[in-house]
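Read the numbers this way: they start at 1 and go in the same order the structure lists the ligands and their atoms.
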Amino acid sequence: MTENLLYEGKAKKVFTTDEPDVLLHAYKDDATAFNAKKRGSWEGKGKTNATISAALFSYLEQHGVPTHFIEQVDETTVKTKRLEMLPVEVIVRNLAAGSITRLLGFEEGRRFKAPIVELCYKNDDLGDPLVNWHHLRELGVSDEDLEFCEELGLKVNSILAPFFRERGITLVDFKIEVGKDRDGQAMLADEISPDTCRFWDAGTNEKLDKDRFRNDLGGVAEAYAEMLRRVTGC
Ligand code: ADP
Ligand code: UDP
């Protein structure tokens with residue numbers, strides 16, 4: 001099989017394959033935070049994120065969510081459909097953490113009355129700013145696609161929050177991305193992992209996600225390994 005590097009991002013390399021509508025996502029051990037101002041890396045990160053993300057995408061597919069997931073090929077590689085990505089990051093929040101504590105002065109850990117959906121413009125140079133429908137329309141995103149993004153975010157949350165609760169984890173917040181296939185079918189894309197979610201142990205509120213790296217809390221590889229265990233049971 002001929003593989004060509006299509007794109008190298010901060011956490012993954014994306015390769016084309018002999019099949020024009022199929023990509024390989026090779027998860028790297030690299031980590032970045034604060035819009036890539038902070039960089040690091042640890043052994044096993046690619047494996048934990050690829051495996052957690054593959055398991056969650058497979059679970060979401062089984063629960064009626066359209067996704068790009070095809071199969072996990074090896075420890076660090078996931079095969080997906082090739083999509084045209086929307087320039088949008090969809091964030092869903094159940095509890096206050098991260099940027100919303102600064103935006104609205106909320107205390108960390110405040111539980112929201114209902115999940116809060118935010119839309120950001122996916123643009124590294126601008127630091128992925130929080131935007132609204134008016135901005136995204138001007139950037140060429142249709143109302144139909146924006147509605148899909150928000151509904152998808154809430155649907156993913158309604159499936160994953162109980163999934164994690166059963167595993168002793170509070171799903172605090174997460175980010176997803178959306179893409180469209182050649183037929184214009186929109187679906188969930190990219191990854192769902194400790195890089196893109198906040199996970200707190202439900203008993204102790206211990207952070208088991210990228211905040212350990214962002215805030216130099218230590219034990220980052222152990223936290224990712226623990227999330228792999230909670231998700232896959234091994
Ligand atoms: P970043 O671009 O934020 O540094 P990554 O290192 O995770 O992120 O790179 C993966 C890139 O692949 C992202 O830009 C993401 O939007 C894109 N992507 C994710 N899923 C697909 C897909 N199914 N088809 C095409 N591109 C995708
Ligand atoms: N997130 C992400 N990629 C981004 C921005 C945010 O995966 O480019 C995730 C982040 O890990 C968290 C959620 O989205 O789970 C909300 O992030 P927030 O807006 O609080 O940003 P932060 O303060 O973490 O920069």
Qualifying residue, where the test is side-chain contact (heavy atoms from CB on, under 4.5 Å) with L130 and the options are L103, L119, I91: L103
Mutual orientation of the aromatic rings belonging to H68 and F57 [parallel < 30°, tilted 30-60°, perpendicular > 60°]: tilted
Nitrogen or oxygen atoms of R198 and ligand 2 under 3.5 Å apart: yes
More than 12 heavy atoms of other groups within 6.0 Å of E3 CD: yes
Charged tip of R167 within 45° of F164 ring normal and under 6.0 Å: no
Structural part of E89 in contact with ligand 2, heavy atom criterion under 4.0 angstrom: side chain
Sub-4.0 Å heavy-atom contact, R214 with ligand 2: yes
contact_flag V172 ligand 2 heavy-atom lt 4.0 Å: no
Presence of salt bridge, D30 and K13, under 4.0 angstrom: no
For G98, the ligand 2 atoms whose distance to one of its heavy atoms is below 4.0 Å: 20 (O), 23 (O)
Ring centers of Y7, F15 separated by less than 6.0 Å: no
Numbered atoms of ligand 2 (with element) below 4.0 Å of D195, judged on heavy atoms: 7 (O), 11 (O)
Best match, A36, S99, A97: closest heavy atom to atom 19 (O) of ligand 2: S99
Per atom 12 (C) of ligand 2, closest listed option by heavy atom (D173, D128, D124, V92): D173
E118 to ligand 2, any heavy atom closer than 4.0 Å: no
Within reach of ligand 2, part of C197 (heavy-atom separation under 4.0 Å): backbone
Qualifying residue, where the test is side chain to side chain donor-acceptor pair (under 3.5 Å) with H25 and the options are T77, T80, T76: T80
Nearest non-hydrogen protein atom, atom 6 (C) of ligand 2: I91 CD1, 4.3 Å
Proximity to ligand 2 by part of D211, non-hydrogen separation under 4.0 Å: neither
Show me the donor-acceptor pairs, under 3.5 Å and distance only, between side chains in residues 147-155 and residues at least two apart or in other chains.
unit_1 : atom_1 : unit_2 : atom_2 : d
E150   : OE2    : W133   : NE1    : 2.9
K155   : NZ     : G64    : O      : 3.3

For ligand 1, find each of its N or O atoms that sits under 3.5 Å from a protein N or O atom, and tabulate the pairs with distances to one decimal place.
unit_1   : atom_1 : unit_2 : atom_2 : d
ligand 1 : 2 (O)  : Y7     : OH     : 2.5
ligand 1 : 3 (O)  : K10    : NZ     : 3.1
ligand 1 : 3 (O)  : K122   : NZ     : 3.2
ligand 1 : 4 (O)  : K10    : N      : 2.7
ligand 1 : 4 (O)  : K10    : NZ     : 3.2
ligand 1 : 6 (O)  : K10    : N      : 2.8
ligand 1 : 6 (O)  : A11    : N      : 2.7
ligand 1 : 6 (O)  : K12    : N      : 2.9
ligand 1 : 7 (O)  : K12    : NZ     : 2.6
ligand 1 : 16 (O) : E177   : OE1    : 2.6
ligand 1 : 20 (N) : D190   : N      : 3.2
ligand 1 : 23 (N) : H68    : ND1    : 2.8
ligand 1 : 23 (N) : K81    : O      : 2.9
ligand 1 : 24 (N) : L83    : N      : 3.1

Side-chain donor-acceptor pair present, N157, N94, cut-off under 3.5 Å: yes
NZ or CZ of K45 within 45° of Y224 ring axis and under 6.0 Å: no
Check ion pair K10-D124 (N to O, under 4.0 angstrom): yes
Pair E8 + K28: basic N to acidic O under 4.0 Å: yes
Any side-chain donor near an acceptor of the partner, D18 and T2, under 3.5 Å: yes
R102 N/O under 3.5 Å from ligand 2 N/O: yes
Nearest protein heavy atom with distance in Å, relative to atom 3 (N) of ligand 2: K175 CE, 3.5 Å
Atom indices of ligand 2 within 4.0 angstrom of R93 heavy atoms, with elements: 16 (C), 18 (P), 19 (O), 20 (O)
